[in-house]
Visitor: 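Structure provided below as C-alpha cells; questions to follow.
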Amino acid sequence: GRTFRVYTQSEKDYRARPEDLAEVYVRNKQDEMIPLTALINVKPTSGPQTVERFNNFQAAKFMGNPATGYSSGQAMTAMEEVARVLPDGYTIAWSGSSYQEKLVSSGGSLVFVLALVMVFLILAAQYESWSLPLTVLTAVPFGVLGAITAIWLRGISNDVYFQVALVTLIGLSAKNAILIVEFARDYRAAGKSTEESAIEGGRVRLRPILMTSFAFILGTFPLVISTGAGASS
C-alpha cells in the first residue's frame, strides 16, 4: 500500500549542456516516449545566484557605514527618508545591530526614568527617609546638563551610546551627592543647624569628589579624542 518515489540522474556526459535535454524522454497520454524538447523551449537567461529572504519575504540586503562625521542614527534616518520613494508593496526593515539600536532608542526615555526610580528606592531604603533621596537626586540634572552640553560642543548625536552613558551618569552623580549628604546628616545629628551641616559637608567632601571626578574624566579622555574603527563606542 506504500508509494515509493525514485529519483534518477543521467551520466554527466548526458547532462552537461542544455542541448542534452533532447536526450530526455517522457511518456505522453498515448503511452509513447517523446523527447522533452517537444514540450518545452530552452533558452539562456540570467538570474541571481541566491535569493535573499527576510521574515519569509523576498528582500534585497543593503549594508553600509555612516560617513565621517555622521552617527549611525543619522545614517539610518537618511535611509528611511530615501525608502519613502519605494513602490507600493515595498517596505524597509532593520536587522542586526541596527535593529537593536532602533529597539533601544525607542525605550531610551523609559530606561532613564526607571533608573531614576531605582536609585530613589535604593536610597530611600538606605536612609529610611523619603526626603533625603530627593536631595541626592537634585545633583542628577546638573550632571545631565553637563553631558548634553559636552556632546553639543563636540557635535555628537544622541545615539544609543549616549543614552547608555546617561544611565551610568545617574549613578555617578548620585554617588557624589551621597557623600555630601551623608556627612551633612552626621553634622546635623551632632547638633549643628541645617545650613551649617550642608556647608560643612560640602567643604569636607569637596576635595575627594574632585579627585575621583577628575581621575575618571582623565581616564576616559583618550576615548573622547579617539578616531578610527569603533571610535563611536
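No experiment lies behind these values; they were computed from the predicted model shown. Numbers for residues simply follow the sequence, beginning at 1.
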Visitor: Is the backbone N or O of Phe57 less than 3.5 Å from a side-chain atom of Asn55, with the two atoms forming a donor-acceptor pair by type?
Guide: no
Visitor: Answer with yes or no whether the hydrophobic clustering places Val82 together with Met79; edges join I, L, V, M, F, W, Y residues whose side-chain heavy atoms lie under 4.5 Å apart.
Guide: no
Visitor: Mind checking whether Ile148 and Leu153 sit in one hydrophobic cluster, side chains of I, L, V, M, F, W, Y counted as touching below 4.5 Å?
Guide: no
Visitor: Apply side-chain contact (heavy atoms from CB on, under 4.5 Å) to the pair Leu172 and Phe216, showing each step before the final yes or no.
Guide: CA-CA 10 Å; Leu172 294 175; Phe216 180 80; 4.1 Å; yes
Visitor: I'd like to know if the side chain of Arg17 reaches the main chain of Asp20, judged simply by a donor and an acceptor atom lying under 3.5 Å from each other, with no hydrogens or angles considered.
Guide: no
Visitor: Where is the tightest heavy-atom contact between Asp31 and Arg27, given as atom of each residue plus distance?
Guide: OD1-CD, 2.6 Å
Visitor: What's the shortest heavy-atom distance between Trp94 and Tyr99, and which atoms?
Guide: O-CB, 3.6 Å
Visitor: Where do Leu36 and Glu23 land on the side-chain contact (heavy atoms from CB on, under 4.5 Å) test, with the steps shown first?
Guide: CA-CA 8 Å; Leu36 185 61; Glu23 304 296 332; over 6 Å; no
Visitor: Which pair of heavy atoms, one from Ala174 and one from Val136, lies closest together, and at what distance?
Guide: O-CG1, 3.6 Å
Visitor: For Trp152, enumerate each residue passing the ring-ring contact (aromatic ring centres under 6.0 Å, His included) test, keeping only those at least two apart in sequence or located in another chain.
Guide: none
Visitor: Inspect the surroundings of CZ in Phe54 and state if more than 12 heavy atoms from other residues, nucleotides or ligands are less than 6.0 Å away.
Guide: yes
Visitor: Find the distance between CD1 (Ile92) and CZ (Arg84) and round it off to the nearest 0.5 Å.
Guide: 11.0 Å
Visitor: Show the nearest heavy-atom pair for residues Ile180 and Gly202, with the distance to one decimal.
Guide: CG2-N, 3.9 Å
Visitor: Would you find more than 12 non-hydrogen atoms of other residues, nucleotides or ligands less than 6.0 Å from Arg207 atom CZ?
Guide: no
Visitor: Determine the minimum heavy-atom distance between Val144 and Leu169, stating which atoms define it.
Guide: N-CD2, 3.9 Å
Visitor: Taking atom types as modelled and ignoring hydrogens, do the side chains of Arg188 and Thr194 form a donor-acceptor contact shorter than 3.5 angstrom?
Guide: yes
Visitor: Please assess Met76 against Ser98 for the test side-chain contact (heavy atoms from CB on, under 4.5 Å), listing each intermediate value before the final yes or no.
Guide: CA-CA 8 Å; Met76 293 168 65; Ser98 300; 3.9 Å; yes
Visitor: Is the closest side-chain heavy-atom distance between Asn176 and Ser213 below 4.5 Å?
Guide: yes
Visitor: Atom CE of residue position Met33 - does it have more than 12 heavy atoms of other residues, nucleotides or ligands inside 6.0 Å?
Guide: yes
Visitor: Look at the side-chain heavy atoms of Ile, Leu, Val, Met, Phe, Trp and Tyr, link any pair under 4.5 Å apart, and say whether Val117 and Val140 land in one connected group.
Guide: yes
Visitor: Keeping Thr220 on the side-chain end and Leu223 on the backbone end, is there a donor-acceptor pair under 3.5 Å?
Guide: no
Visitor: From Arg203 CZ over to Tyr187 OH, what is the distance, rounded to the nearest 0.5 angstrom?
Guide: 6.5 Å
Visitor: Determine whether more than 12 heavy atoms belonging to other residues, nucleotides or ligands lie under 6.0 Å from atom CD of Glu11.
Guide: no
Visitor: For Leu166 and Ala147, work out which heavy atoms get closest and say how close.
Guide: CD2-CB, 4.2 Å
Visitor: Quick one: do Leu134 and Leu121 end up in the same hydrophobic cluster if we chain Ile, Leu, Val, Met, Phe, Trp and Tyr together by side-chain heavy atoms under 4.5 Å apart?
Guide: yes
Visitor: About how many Å separate CZ of Arg205 and CG of Leu210, when rounded to the nearest 0.5 Å?
Guide: 11.0 Å
Visitor: Counting neighbours of CD on Glu19 that are heavy atoms of other residues, nucleotides or ligands and sit closer than 6.0 Å, is the number greater than 12?
Guide: yes
Visitor: If you apply the rule side-chain contact (heavy atoms from CB on, under 4.5 Å), what do you find for Gln58 with Glu52, and how did you get there?
Guide: CA-CA 6 Å; Gln58 289 188 3; Glu52 292 282 349; over 6 Å; no
Visitor: First locate atom CD1 of Ile178, then atom OG of Ser173, and finally report the distance between them rounded to the nearest 0.5 Å.
Guide: 10.5 Å
Visitor: Side-chain heavy atoms nearer than 4.5 Å, only ILVMFWY residues, links allowed to pass through others: does that put Leu145 and Ile151 together?
Guide: no
